[in-house]
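All values below were derived from every heavy atom in this structure, side-chain atoms included, with hydrogens, water molecules and symmetry-related copies excluded. Computed from a predicted structure; not experimentally measured. In each ligand, atom 1 is the first atom listed, and ligand 1 is the first ligand listed.
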Amino acid sequence: MPWEPRPEGCKDVIWRYSANPIIPRNLLPTSNSIFNSAVVRFGDGFAGVFRCDDTNRRMRLHVGFSKNAMNWEINPEPLKFECDDKEIGEWVYGYDPRVCFIEDRYYVTWCNGYHGPTIGVAWTNDFKTFHQLENAFLPFNRNGVLFPRKFNGNFAMLSRPSDNGHTPFGDIFYSESPDLCFWGRHRHVMSPAKFEESAWQCTKIGAGPIPIETPEGWLLIYHGVLASCNGFVYSFGSALLDLDQPWKVKFRSGPYLLSPQTIYECTGDVPNVTFPCAALHDEETGRIAIYYGCADTVTGLAFGYIPEIIEFTKKTSII
Ligand code: BMA
């Protein structure tokens with residue numbers, strides 16, 4: 001997996017890759033921007049589903065492959081889902097994908113246009129054919145993130161009910177499904193923080209990469225939004241969720257892990273956005289590489305150690 005050691009003198013829990021951004025906005029002849037994307041290990045390399053907004057400014061998903069998870073070859077043609085039901089399969093728009101391996105296949109969840117944004121679900125074995133299932137929830141919803149294993153035989157997903165626009169609110173919820181068609185057992189996970197306590201996450205929050213199972217709980221990296229006098233600012237932080245009842249939050253970081261500070265995070269189509277959608281990690285070394293969209297324009301990479309992130313989450317917790 002990609003890795004670069006912590007720079008000398010750096011005391012931050014996570015640090016940016018020195019060659020960021022790893023994916024430029026115009027990698028494809030038709031791309032306006034490539035960001036908020038999902039990557040996973042696949043075969044002897046890596047695969048991913050990328051948010052590529054085109055130069056019509058339409059939000060499209062594209063499949064990509066890489067040997068080292070840093071240099072990506074992204075298909076110039078948009079991803080086309082196969083779906084038995086025309087009403088569900090009709091493409092309107094899609095963005096902010098996540099990819100999760102559960103049991104024997106890869107599942108893609110994304111923000112799917114169906115009378116407004118909701119959570120689309122599909123699966124693939126080969127990143128060539130994608131079988132689209134029912135939308136998980138009613139509109140409006142965003143940031144649908146599956147857990148990598150079942151709970152009492154049920155699939156589990158985090159999501160963030162929203163509105164049809166640039167939602168000025170948002171809590172994270174948990175839901176279960178026996179078949180990825182019917183969803184229920186909805187539970188509240190967490191609300192935005194109090195402004196006085198942790199302002200970067202006081203307007204809305206949403207799950208980021210697929211949660212990582214650790215002995216201390218599910219490590220959830222999530223984005224949080226501050227409504228500043230100059231618009232929304234998207235940072236990200238970390239939480240630890242109960243291993244058996246993942247809607248119960250044990251710890252939640254007060255400070256952010258990363259906020260928009262570099263030129264590529266602060267300038268672009270939407271300034272001041274760092275938006276994580278995927279992470280690769282190594283059990284043995286504890287290393288983690290977090291993929292995040294920068295200013296809704298390019299894709300960046302940040303590194304850290306899972307044990308250090310857990311320690312930070314507990315030490316700074318606002319719970
Ligand atoms: C959210 C989503 C994200 C985007 C963010 C900042 O509502 O649309 O895709 O990165 O806004 O524009």
Side-chain angles (χ1 to χ4, degrees), residues 20-25 31-39 48-54 56-62 78-79 92-99 108-120 137 139-145 158-173 192 200-209 221-237 256-262 264-279 290-302:
N20 268 356
I22 58 160
I23 304 177
R25 65 185 304 163
S31 61
N32 166 76
S33 43
I34 305 180
F35 59 109
N36 301 4
S37 299
V39 313
V49 177
F50 295 83
R51 172 174 175 176
C52 303
D53 292 6
D54 69 15
N56 293 26
R57 294 296 298 265
R58 295 175 299 194
M59 300 182 284
R60 294 283 187 268
L61 302 176
H62 289 239
L79 192 171
V92 181
Y93 56 73
Y95 60 93
D96 296 0
R98 285 19 177 224
V99 179
V108 187
T109 53
W110 71 98
C111 196
N112 188 35
Y114 181 77
H115 304 274
T118 183
I119 307 301
F137 305 119
F140 310 110
N141 203 314
R142 293 186 173 95
N143 299 301
V145 177
L158 300 170
S159 74
R160 214 280 305 286
S162 59
D163 68 11
N164 199 10
H166 301 294
T167 319
F169 59 86
D171 293 29
I172 298 177
F173 286 84
W200 66 269
Q201 51 177 328
C202 73
T203 300
K204 53 178 172 173
I205 52 175
I221 292 173
Y222 65 98
H223 70 260
V225 177
L226 166 74
S228 81
C229 62
N230 201 28
F232 286 156
V233 178
Y234 284 71
S235 308
F236 60 89
Y256 55 70
L257 281 170
L258 191 135
S259 81
Q261 295 178 7
T262 66
Y264 55 89
E265 294 160 349
C266 298
T267 62
D269 288 345
V270 183
N272 307 320
V273 180
T274 55
F275 197 98
C277 285
I290 301 167
Y291 290 77
Y292 66 103
C294 308
D296 284 10
T297 304
V298 295
T299 304
L301 198 48

S.K.: Counting only heavy atoms from other residues, nucleotides and ligands, does the tally under 6.0 Å from CG of Asn230 exceed 12?
M.R.: no
S.K.: Closest approach of Ile205 and Gly224, non-hydrogen atoms and distance?
M.R.: CG2-CA, 4.0 Å
S.K.: Measuring from each atom of ligand 1, which residues have a heavy atom under 4.0 Å away?
M.R.: Asn36, Arg51, Tyr95, Asp96, Tyr234, Val270, Val273, Phe275, Asp296
S.K.: Answer yes or no: is there a side-chain heavy-atom contact under 4.5 Å between Asp96 and Arg51?
M.R.: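 SC-SC contact between Asp96 and Arg51 confirmed.
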S.K.: I'd like to check the salt bridge (charged side-chain N to carboxylate O under 4.0 Å, His left out) partners of Arg60; sequence neighbours left out, ordered by chain and number.
M.R.: none
S.K.: So, the side chain of Thr274 versus the backbone of Tyr234: is there a donor-acceptor pair under 3.5 Å, distance only?
M.R.: yes
S.K.: Quick one, Asp296 with Tyr95, criterion side-chain contact (heavy atoms from CB on, under 4.5 Å). Give me CA distance, side-chain angles, the key distance, then yes/no.
M.R.: CA-CA 11 Å; Asp296 284 10; Tyr95 60 93; over 6 Å; no
